[in-house]
Structure formats: structure tokens, C-alpha cells
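One is the number of the first residue; the rest follow in order along the sequence. These numbers come from the heavy atoms of this one structure, side chains and all, not from hydrogens, waters or symmetry mates. The shown structure was predicted, so the numbers you read here are calculated from the model rather than taken from an experiment.
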Amino acid sequence: MQDRLAATLAFDASVSALTGVSSGRAAAFLRLGIETVRDLVQHYPRRYIDMTRLDTIEHAPLGERVTIIGEVHEVGLKRPRRDLSLIEVTVVDGTGTLIVTFFKQPWLQRSIRQGMRVGVSGELEFNYGYKRMKSPFLDVIDEGGPMLAGSIIPVHGATEKVSAGIMRKVIRAALASIQGCFDPLPLRLRTRYRLMSRAAALASIHFPQTADDIAQAKRRLAYEELLLLEMHLLASARSFTQGKAAHVHVFDGPFSRALSAALPFSLTDDQLRAVADIQGRMATDTAMSHLLLGDVGTGKTIVAAFAAAAAADARAQTLMMAPTEVLASQYARALGPLFDAAGITWALLTGSTPDADRQDMLALLESGHIDVLFGTHALIEPDVVCHDCGLVIVDEQQRFGVRQRADLLAKGVLPDVLYMTATPIPRTLALALYGNLSLSYLKDMPENRPGRTTHVLGFRERGRAYDAVRAACAKGRQAFVICPLVGTKPPRDEGAHSRPRDDEADREPFIDSFDDLPENNVRAAEAEAAFLQAKVFKEFRVGLLHGKMKPAEKEEAMARFREGDIDVLVATTVVEVGVDVPNATCMVVEDAERFGLSQLHQLRGRVGRGGMRGEVYLVAATSSDEALERLSAMEATDDGFELAERDLALRREGDILGNRQHGASALKLVNIMRDGALIEAAHADAAELADDDSEEGKAVSALLLHEAEVVFGPATPDAVLGG
């Protein structure tokens, strides 16, 4: 028992406690983010090299990954140009000669010496008269360590100060120190899913004997990651509600019935289900924390209106926060007349609200004479005081910081919370990110929405997109031209183009690196608007909208566009969500490959919202087959959830939501697309464990929550907000 306890405690020991880790080496590990033994054993291999098949140089097949053991005959350093160094290692094995090349690793000249026996594993090529390998895995066999050739080799992230060989040696010492540790997963769960023990899984993932060892180890450790995350989220939700009495709202009161009667249209089946689900949760004595996920154009706003009506039926107030003034103002225009007809009082508060109006509005709010207050970040100001805030609605919640959302919730005493997002998040990702929230989905489009068609064009075909804009405007319709950045650039006919500053105030487009495109392909909205007005759409009125404009300027631009005073609106992603101009039927997205599929889907949702079908042209600034193939998915489907799944196959889940800080970022082995069943199971198991009030159940939960706290931090109310 003492040995098991010591092995368990060893997880949180410093790496400097391990044999062979000096203070200098510990500092090198720290630069890799490795401070404790736990960090070290969770520094999983990036890939594996199967060296179980050995070939001679003479018989090794070209074009395949092979492993060869030989002797170093010569090591040479070449510098074909000033910024590039090559190390060429000549290996012989009695049957032939192999040239092995390493790029930008000059230190290898000191560590690989003539006469050494080495094993190299990589893809074999033939050129310039020799068989060759570029940047293969290389194992020095006669260093006194175990011979790796003939086994499966883990490839860990390493540095010049911590070589791959040192990393393997220290990880072996770490695994020895935790051998026999207690397993945080209860036996019934390990038996139910036929999972390895934690110690066995860690040993197998680092030093597998077979490919199946790797698969089983990853399955066990991925499930553990997910279970700990779900336990953390549920515990955070409970800490959020602890010691507070929830509002109990009316399920089907007079305001809800009046709102229903005022609707000039029928709700879709999805909307009816979502309204019933949300109002039903609001009618319980447990505070609601609900996420409404809706594809573009499925009508989340009207569902939120029924939630506000339920709050009004209980004489409670609703705060509804939007990420932009444009969207907050649109709430007022869309829902205000319906609330008026239903007898629900409302107001709009933004940063540009005049001081006198603001003071009158805040007095009415504090006295309880305003039922629903729409607004932006202005809602979280200290002088915004509610008489009784019973419901908080946060639209596009991932665009707000945890502190902002927490400040809004603090306007009431345990109000019900409805989060909304137009980003179609597949259920598996939603559970991994928001396992503490209940979920509703909207996928059905209202019958009166004609939809849109999408076309992907190369940059040389841009003229087709401009022709479509002209045709639409000639018929009295309107169009958007979307650019990814705001800034300045030289005129388009100049040979050299400087890179514009990335100073867009709104959510940055999906861009892995600003080096992924030539500088002269970046379009800046300001320059684009001037160019289009002067050269392309001379006969039409071109306007501009971007996030760096003052609120009054943005509202003026949108008002002019809605009223038809602007024919072509050049904009950035400030129009990505919520902007509703039924007469806009055409959209051109410049540099479309710089956006994720989900973001492009949000953008194209701005057209085809009236009685006329929309046309969307995605203009790529690259001829890359890979980029054009990715964009072609936009032509194949108008289903946002299907596109989100494709996005997940290509990108980090944090990129889908514009938020890399979420706890799900700590998931090292989970693949959202592949591990859907594992996520569902972990979510259900966490709920079962959280509800187990037996002594054994409490002990198991306490152990798991301790582990979760080490990984994700304390289970505090902030975590319930998805931060």
C-alpha cells in the first residue's frame, strides 16, 4: 500500500527528482512545458517509427519507408546558400552506400562521428547515383543504450538541449517511478469498457510492443481525459448554483401566449421543440444553463424571444447581450414590434445611447418597468441595475470573455442563462466544450427562405463575381463584398504591395499563418472599397463597414444599406452574424481560402434571407489545389453542421469557436470526429458519478475531481461559462 501511495504521489514530483535530470536539464525540460513527472509522462509521442522491418541498402525498395542498420563512413557539412545548412551522413552496410541528409541541424556534425553504428528509418529515394533519405529518424546504436532498430520507436517532441534519446531515457525513469500507482478510474468503468490500467497505458503509449498497444493505450487515456473534463464541467456548474435559489418561470403564461398570437409566421418544428425545451427548463426550480445552437437562418432570435416572454410571465427581467451594436439594434427592430404587440416592455442600450436617454432607461430598469433590455457590452457597466434579472441571453457567446459573461450574470441572483451561437457545433464537440450545459439544436429552415447557391472561383475568374454583382444591382438588389482585413495597401496596379496591419477589431478570420499567402494578395477593405467604386462599380454606390469604425459610423452605414442608399457594401467579418438585409442577394468573399468553412457559412448566410435566392462567390487568392478542394465543400452543401464536421477534420476545435483558451484545449489525445462514442460515454458516466451519493461514489468523485483540478484548474463558477 505504501509503495502504491508513493507511486501515486510521484506524479506531482519535480522532474529534477528523476535520475539523470540535473538542474540544467530540468530547466531545458521546463522550456518544453515539462515541470513535473505528470507533465513528462503526458508528453506523448508525436508519432511512431516502425523499425521492426530491417532492410539492406542493396535490397531496400525505393519509395517506401524502410529501416537500415549500417556504419557511418563520413559526415559532411554543406551550405548551398547563406541561410541553409545541410549535414550529409554517408552510411554503408557492406551491400551498398546510403546518403542521409539533415537540414538546418549543424550540431549533428558534432554528435554523429565516423565509425558509429546507426539505424536510420525513412522514405528511400534515388538520385544523383545514390540511394538517399531526407531527415530520417536516426538511432545511434552503440551509445550504451538499448538498440532501437527492430522495435517501434516513439518520436517525442525534443530540443537540442533534450535530445530524443535523453527524452526516452528520462521518460523510462518517470514510468518506473509511477509503476503500481493507484488508478483514478473506478474498476467498474475499466471493466465496462475493457480499459488498461493507467500505468499500463502510459507505458504502452511511450514504449509499445505492437501497434495494438498504441491503440489501446490511446483509448484508455483519451477516455480518462474526457471523463475528467466532463467531471470538471459538471462540478463547475454546481459551484455556480451552490447556495442560491433559482427563479421559477412560468411555462405557458399570458405573455408567451400573446407573443405567439402576434407572430406573422409559424414556427418550425425545431423552433417549437426548442421553445418547449427551454421554457420547460425555466419552469423548474433548478437554474437553466442552456446552449441554443442554430444553423444560419434557422431563427434563434425568435426562440430567445419566447424565453424572454416566460421570464416576463414570472415578472422577472431579461438582459440580452449581442457582440456588436449592429446586431443589438437588429434585435430591437426584429423583436421590438412583437414585444409591443404582446405587452412586453423593452429598450435598447449601447455605447452610443445618449446620456439623457441612458439615465431614463436605467431608472426604468431598476424600478422594474422594463421587461427586456437589449444591448452590447454596455449592459455590464456597474450602473446597469435590474429590479429582478431572471434571464440572461448571450448571443454569439464565444465572442465574449469569461469575465464579461460573468459580469452580466451577476446582474441577477442565479438567473437562467441562454447562450446562443450561429456556429454549427457538432454534438460531440459541444459535449466536449460545454458538457455542463443542456443543448438544443435548430437545423430546419423556415419555409419562406429561398436559400443560396455558392460558386468557388480562382483569382483570375474574379470578373464573373463582379458581373454577378452588377446584374443584381441592375435589378435593384444589393450585394456584399467581404474582405478579411482592414488597412492600407498601394494601388492594385503597383508591382510591390506592403502587408496591411492585422488590426481588425472583430473576430480574426481563420488564418494559420500570415505567411501562407503572397503579400500582394491581401485585400484591405478600405482600399478595396475605393478601387471598386472608381474602377468596377462606377454606376453604383459603394459603401464601407468594418470593425474599426466608430459605432455611429457603423450604424449609419448599415442604415444606408438597409434603406437602399448603398448598392454594394464592402465589409469585413463584422457582418458575419445577425445582419439581416432581405434585399441583399449577392456576396463576393475575397481571399476566401483565408477563412474556415464554418466562418464562410456564417458570411454567406447574409444573403438569400428575403424572397429571392442568393448567390455567393468565393474568390480564392491562390491556385492551390488543396485550398480550392477545401472550398469546394461550400458548393456541395448548405448544411452548416456538415461543414463544421469537415472543418473539424482540418482544424483545431478551438478555431471553430474562435477561442483557444477553453479547457478542451488540454485534451491531448481526443479527436472530436473519431471519438464521438467516447465523448458520449464520458459525458453520461460523469453525470452518473456526479449523482452517486453513496460513500464509495463520493470517494470516487473526489479522486477524479482532484485529477481534473490538476489538469483544468479549480471547478469555479467561471468554468461554467466556457472559458
Closest heavy-atom contact between [X] and [Y]?
{"X": "S197", "Y": "R220", "result": "C-NH1, 3.7 Å"}
{"X": "A60", "Y": "I68", "result": "CB-CD1, 4.1 Å"}
{"X": "R4", "Y": "C181", "result": "NH2-O, 3.6 Å"}
{"X": "A211", "Y": "I152", "result": "N-CD1, 3.9 Å"}
{"X": "L77", "Y": "S85", "result": "CD1-CB, 4.0 Å"}
{"X": "L705", "Y": "M231", "result": "CD2-O, 3.6 Å"}

At what distance, to the nearest 0.5 angstrom, does [atom1] of [X] lie from [atom2] of [Y]?
{"X": "S204", "Y": "L221", "atom1": "OG", "atom2": "CG", "answer": "9.0 Å"}
{"X": "Q105", "Y": "I87", "atom1": "CD", "atom2": "CD1", "answer": "8.5 Å"}
{"X": "K161", "Y": "L32", "atom1": "NZ", "atom2": "CG", "answer": "12.5 Å"}
{"X": "W107", "Y": "F102", "atom1": "CH2", "atom2": "CZ", "answer": "11.0 Å"}
{"X": "F137", "Y": "R65", "atom1": "CZ", "atom2": "CZ", "answer": "10.5 Å"}
{"X": "L175", "Y": "I171", "atom1": "CG", "atom2": "CD1", "answer": "7.0 Å"}

Main-chain N/O of [Y] paired with [X] side-chain donor or acceptor, under 3.5 Å:
{"X": "T210", "Y": "D213", "value": "yes"}
{"X": "T67", "Y": "S121", "value": "no"}
{"X": "D39", "Y": "T36", "value": "yes"}
{"X": "D675", "Y": "L678", "value": "no"}
{"X": "D295", "Y": "G640", "value": "yes"}
{"X": "E225", "Y": "K668", "value": "yes"}
{"X": "S440", "Y": "L293", "value": "no"}

Any heavy-atom pair between the side chains of [Y] and [X] that's under 4.5 Å?
{"X": "V711", "Y": "H232", "answer": "no"}
{"X": "L124", "Y": "P61", "answer": "no"}
{"X": "I205", "Y": "K218", "answer": "yes"}
{"X": "Q42", "Y": "I34", "answer": "no"}
{"X": "Y419", "Y": "R405", "answer": "yes"}
{"X": "L202", "Y": "Y44", "answer": "yes"}
{"X": "L108", "Y": "V89", "answer": "no"}
{"X": "D639", "Y": "L643", "answer": "no"}

Is [X] atom [atom1] crowded by more than 12 heavy atoms from other residues, nucleotides or ligands, each under 6.0 Å away?
{"X": "K411", "atom1": "NZ", "value": "yes"}
{"X": "Q209", "atom1": "CD", "value": "no"}
{"X": "Q109", "atom1": "CD", "value": "yes"}

TODO: Please report the C-alpha distance between D692 and S694 in whole Å, then the side-chain angles of each, then the deciding distance to 0.1 Å, and finally whether the side-chain hydrogen bond (donor to acceptor under 3.5 Å, both in side chains) criterion is met.
DONE: CA-CA 6 Å; D692 188 349; S694 68; 2.8 Å; yes

Task: Residues in ring-ring contact (aromatic ring centres under 6.0 Å, His included) contact with H156, at least two apart in sequence or another chain - done: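 Once residues adjacent in sequence are excluded, the partners of H156 under the ring-ring contact (aromatic ring centres under 6.0 Å, His included) criterion are H206.
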
Task: For Y441, all residues meeting ring-ring contact (aromatic ring centres under 6.0 Å, His included), sequence neighbours excluded - done: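 So Y441 forms a ring-ring contact (aromatic ring centres under 6.0 Å, His included) with F641.
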
Task: Six-ring centre of Y193, R219 cation under 6.0 angstrom, axis tolerance 45° - done: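 No, R219 and Y193 do not form such a contact.
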
Open item on the list: Do R198 and F11 form a cation-pi contact, if we require the NZ or CZ to be under 6.0 Å from the six-membered ring centre and within 45 degrees of the ring's axis?
Closed with: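 Ring-cation test returns yes.
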
Task: Sole candidate of I57, I69, D55, L98 that passes side chain to side chain contact (heavy atoms under 4.5 Å, CB included) when paired with D93 - done: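 The side chain to side chain contact (heavy atoms under 4.5 Å, CB included) with D93 is passed solely by I57 among I57, I69, D55, L98.
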
TODO: Check step by step if side chain to side chain contact (heavy atoms under 4.5 Å, CB included) holds for V91 and M133.
DONE: CA-CA 11 Å; V91 178; M133 284 185 188; over 6 Å; no

Task: Audit row: E88, R132, side chain to side chain contact (heavy atoms under 4.5 Å, CB included) steps and yes/no - done: CA-CA 10 Å; E88 280 196 349; R132 296 175 180 268; 3.9 Å; yes

Open item on the list: Would you say T284 and T286 are linked by a side-chain donor-acceptor pair, where the criterion is simply a distance under 3.5 Å?
Closed with: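 Judged by distance alone, the side chains do not pair up.
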
Open item on the list: With side chain to side chain contact (heavy atoms under 4.5 Å, CB included) as the criterion, how do S177 and V37 come out once you've worked through the C-alpha distance, each side chain's angles and the decisive distance to 0.1 Å?
Closed with: CA-CA 9 Å; S177 72; V37 170; 4.0 Å; yes

- [ ] For the pair L195 and L189, evaluate side chain to side chain contact (heavy atoms under 4.5 Å, CB included) and give the outcome as yes or no after the intermediate values.
- [x] CA-CA 8 Å; L195 299 174; L189 291 181; 5.7 Å; no

